[in-house]
Chemist: 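Handing you this structure, nothing more for now.
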Amino acid sequence: MEIDKQVTVNGLTFVPYLTRDKIAEQIKRVASEIRNDLKDSSPVFICVLNGAFMFAADLYREIGINDSVITFVKYSSYEGTSTTGKVKEVIGLKEDIEGKDVVIIEDIVDTGLTAVKMIEDLKQRNPKSVRFATLLHKPESSKTGFIPDYTAFSIPPKFIIGYGLDLDGKVRNLKDIYIIREE
Ligand code: 5GP
């Protein structure tokens, strides 16, 4: 399968960073960790829209626990390529998670502000446990010290796109992950 050598969006150029094969390989690893931890439970998976939709679809199928549910929430803190620092809940959780093992599925942990806010919100609903799975983690950008329970890739603090991650709503369709080109 061909991988574009570079992608230009809104005047910014991105180069290939993580291929679809590497992504699939790491999703298998994370899925098996989650399956081992939760195979005797009836977990609730919560996909954080929009960015995590593609990762969640692949991860959830790979985990393969039939006695589980997946649902969706939406938080917002980014405009363009930088965080606004304020995290807003845009679509809230409808499911009852009381007494349940919950796994949040996120695309990327950057400052950690969204993760911390979500976990705080969810804990108000008395789940049995809350775990956090992320496709990408930028440890050097952390403003919270938050460390996800499951991480597919740790990456440097640079802007990336593709495989669900956008730039102003665009390029979520890319099958591989691209990183911003240093001039
Ligand atoms: P945090 O609250 O951890 O600072 O940011 C989390 C959210 O910021 C992610 O869910 C994602 O929407 C956005 N974000 C952070 N870094 C990147 C990046 O490199 N690329 C894209 N497309 N979004 C990012």
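In listed order, ligands and their atoms are each counted from 1. Quantities reported herein were computed from a predicted structural model and do not represent experimental measurements. Numbers here are sequence positions counted from 1.
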Chemist: Pairs in or reaching into residues 147-156: which pass salt bridge (Lys or Arg N to Asp or Glu O under 4.0 Å), with residues at least two apart or in two chains?
Modeler: none
Chemist: Identify, by atom number and element, the atoms of ligand 1 in contact range of Glu106, meaning under 4.0 Å from any of its heavy atoms.
Modeler: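 By the 4.0 Å cutoff, the relevant atoms are 10 (O).
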Chemist: Is ligand 1 less than 4.0 angstrom away from at least one heavy atom of Ile161?
Modeler: no
Chemist: Quick one: does Gly112 get within less than 4.0 Å of ligand 1, heavy atoms only?
Modeler: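 It does, in that a heavy atom of Gly112 comes within the 4.0 Å cut-off of ligand 1.
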Chemist: Which of the atoms of ligand 1 are close to Thr114, meaning less than 4.0 Å from one of its heavy atoms?
Modeler: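 Reading through ligand 1 atom by atom, the close ones are 1 (P), 2 (O), 5 (O), 6 (C).
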Chemist: Have a look at Lys143, Lys138, Arg172 and point out the one with the heavy atom closest to atom 16 (N) of ligand 1.
Modeler: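 It is Lys138 that holds the nearest heavy atom.
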Chemist: Checking the N or O distance criterion of under 3.5 Å, is ligand 1 in contact with Ile160?
Modeler: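 Between Ile160 and ligand 1 (N or O atoms, distance only) the closest approach is under 3.5 Å.
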Chemist: Please step through side chain to side chain donor-acceptor pair (under 3.5 Å) for the pair Tyr150 and Asp37, ending with a clear verdict.
Modeler: CA-CA 11 Å; Tyr150 311 101; Asp37 291 347; 2.6 Å; yes
Chemist: For ligand 1, which atoms have a heavy atom of Asp166 less than 4.0 angstrom away?
Modeler: 21 (C), 22 (N)
Chemist: Lys158 near ligand 1, heavy-atom distance under 4.0 Å?
Modeler: yes
Chemist: Specify the closest pair of heavy atoms between Asp166 and Phe159, including all atoms of both residues, with the distance to one decimal.
Modeler: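 For Asp166 versus Phe159, the nearest heavy atoms are O-CZ, 3.5 Å.
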Chemist: Are the side chains of Phe132 and Glu106 in touch, meaning some heavy atoms are under 4.5 Å apart?
Modeler: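 Touching, per the 4.5 Å side-chain cut-off.
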Chemist: Go through the steps to decide whether Tyr163 and Asn173 satisfy the test side chain to side chain donor-acceptor pair (under 3.5 Å), and finish with yes or no.
Modeler: CA-CA 6 Å; Tyr163 191 70; Asn173 59 302; over 6 Å; no
Chemist: Between Lys158 and Glu182, is there a side-chain N and carboxylate O pair less than 4.0 Å apart?
Modeler: yes
Chemist: When you compare the side chain of Ile161 with that of Val7, does any pair of heavy atoms fall below 4.5 Å?
Modeler: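 Side-chain contact under 4.5 Å: yes.
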Chemist: Report the member of Asp168, Asn50, Leu136, Asp107 with the shortest heavy-atom distance to atom 10 (O) of ligand 1.
Modeler: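 Comparing heavy atoms across Asp168, Asn50, Leu136, Asp107, the nearest one to atom 10 (O) of ligand 1 lies in Asp107.
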